[in-house]
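Everything numeric here is computed off the predicted structure, so don't read it as measured data. Reminder, nothing fancy here: chain letters follow the sequence lines and each chain counts from 1.
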Amino acid sequence: MNKSFSTFNVVSLIIGYAFLYIPILLLVIYSFNESRLVTVWSGFSSKWYGELWQNEELLDAAKVTLQVGLVASTLATILGTIAGVVLTRFGNFTGRILFNGMIYAPLVMPEVIVGLSLLLMFITISVDRGYWTVTLAHTTFSMCYVAVVIQSRLSSFDRSIEEAAMDLGCPPLKTFFLITLPVIMPAVVSAWLLSFTLSLDDLVISSFATGPGATTLPMKIFSQMRLGVTPQINAVSTILIGLVATGVTISSVIRKRQEVRKL
Amino acid sequence: MNRIDFLSTWRNRLNLSGRTFVIAIPYLWLLLLFLLPFLIVFKLSFAETRLAIPPYTELVEYAQDGHLRIILFLRNYLFLTEDPLYWKAYLSSVKIATIATSMALLVAYPVAYGMAKAPKRYQSTLVMLVILPFWTSFLIRVYAWIGILKTEGFLNHFLLWLGVINEPLHILHTHVAVYIGMVYSYLPFMLLPLYANLEKMDVSLLEAAADLGCTPMQAFWKITVPLSMPGVIAGCLLMFIPAVGEFVIPSLLGGSETLMIGKTLWTEFFNNRDWPLASAAAVVLLLILVAPIMWFQRTQAKGAV
């Protein structure tokens, strides 16, 4: 569809994007505000960022979050890629419908249910909750997102090169590593980034799955947010937004390059 | 049997077991960490609360005469229907999610329409700009609205400065704040399926309508809107399902009168430590969502988006 791009269209786009971006912009701008009153501008200052480095609890939480994020998103990428291959290349197998359901359900399932059920299982099999239970929880929901990303990449994949390799005697596993994986690598990288940001972001499931000593950054931020708006939270948020924006930019540059190479 | 035959059957067998192995890895993972937890919740919802560790009774036990006894307590479910707090929380969650989804549809439709009609070379950037905030922390995006909506926040400053109002409005900690937060947070979910659908639309249909004397407005309502229904349905489901169980938005933007089941469940679990009741509440929430989830999976399977 592409015809008569009218003033109405331009106006609705401007309003729509303003709605999406103004809240984030205000948050970022006011993290550099001198005053403790977050909504009244009184001059530029980066002192709130300085204060962050003295906040031990926050730094600890950030460390836990990064560790969980790195491990969980790597595991999720491996498991999710396998799941994506199974979904697109393995045809029908016993239990396929259940497998499909288990991949798609976590994407829309309310987080409270996922969190509650994981916690009750951890209690039932009496494992100590903490860093590892949070990591397992994050891996589980992230791998479903990865599987969907990989599945959509593989379904638009030219299978003839895989078939050619196998016709020439290359075993399936070798074909996957030598042919398929290099081609879908950009999708794998962006799936990893997606799971990393999902893990970085998660509050509800982490709160259920965690135990003493493993407080993640969103949990810490959330408990402070309930007390009201402070410039420190604005500063943490700005750093997180910056990290995510950098990650997304890198992954889109990788993808663009890949597209250029294809041409 | 000659050697080659032997080798090839051997290889086939290996491939078959290799195939099973590859399927088994993600399959077992999801069975253990997604399906099994649900079964445990389901089981616990029939248990009775007790003051002990663990704080619930076992369903299956050997009676003294050696018979296996299974005791199912339906009290938790009965309690959910009797206690007005719960059924009100379910009703109001569905109501709030429905209103927020309709509002998001009204906001998203013109934007998605504009995206689809924009010159082709800008479209990938426009899509990217919709996805970007979605990558930013949900928590942070909700938090940003506290500063905007609170009594001495940006919105009130702005409206007072414009002279539209004389007294600051109280929006934060009301239903309105929850609606705004939901529309904002879930807008990309609504925008992307809508755009994907509108973008594919065949312009020649609109031209044909115009040739036959339809005004642009009539053509929009008679052609564009009906053809975009798959996108509308996908977007609405994608937003409605998680919105019903939403916890962060009602806790940060809602007030004490904002009753949502996600919040109630959280309180029941963490503050009252009533695990069986919380489990039963989760099972009922899931039952409410089964129909929309199945519907959504079917639209996904058909590739209607």
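- Contact record, A/C144 with B/L30: SG-CD2, 4.1 Å, taken as the closest heavy-atom pair.
- Considering only heavy-atom pairs separated by less than 4.5 Å from chain B, the leading option among A/V86, A/L120, A/I78 is A/L120.
- Of the atoms belonging to B/L129, heavy atoms from both backbone and side chain fall under 4.5 Å from chain A.
- Here the side chain of A/R226 pairs no donor or acceptor atom with the backbone of B/L252 at under 3.5 angstrom.
- Using modelled atom types, one side-chain atom of A/Y17 and one backbone atom of B/L126 make a donor-acceptor pair closer than 3.5 Å.
- The contact between A/S237 and chain B is made by backbone and side chain atoms together, counting heavy-atom distances below 4.5 Å.
- Across every non-hydrogen atom of A/P110 and B/L289, the tightest pair is CG-CD1, 3.3 Å.
- With a 6.0 Å radius and a threshold of 12 heavy atoms from other residues, nucleotides or ligands, B/F158 has its CZ atom at or below the threshold.
- Contacts between B/V142 and chain A at a heavy-atom distance below 4.5 Å are absent for every atom of the residue.
- For A/L194, the parts lying near chain B are the backbone and the side chain together; criterion is any non-hydrogen pair under 4.5 Å.
- Comparing A/V114, A/D201, A/V10, A/L107 by heavy-atom pairs within less than 4.5 Å of chain B, the highest count is held by A/D201.
- In this structure, A/M143 and B/W29 have side chains that are in contact, with non-hydrogen atoms separated by less than 4.5 Å.
- For the pair A/I82 and B/P26, the tightest heavy-atom approach, listed with the atom from each and the gap, is CG2-CD, 3.7 Å.
- The residue among A/L136, A/T140, A/L119, A/L27 with the most heavy atom pairs within less than 4.5 Å of chain B is A/T140.
- Ring centroid separation for the pair A/F222 and B/Y143 does not come in under the 6.0 Å cut-off.
- Interface residue B/I241: backbone and side-chain heavy atoms are both found under 4.5 Å from chain A.
- Between B/F269 and A/F208, a ring centre-to-centre spacing shorter than 6.0 Å is recorded.
- The parts of A/A105 that come within reach of chain B are both its backbone and its side chain, each placing non-hydrogen atoms under 4.5 angstrom from that chain.
- At a 4.5 Å heavy-atom cutoff, the contact between B/S279 and chain A is made by backbone and side-chain atoms alike.
- For the side chain to side chain contact (heavy atoms under 4.5 Å, CB included) with B/I40, the qualifying choice from A/T124, A/I125, A/L116 is A/T124, the only one to do so.
- Closest non-hydrogen pair, A/S117 versus B/P37, comes out as O-CB, 3.3 Å.
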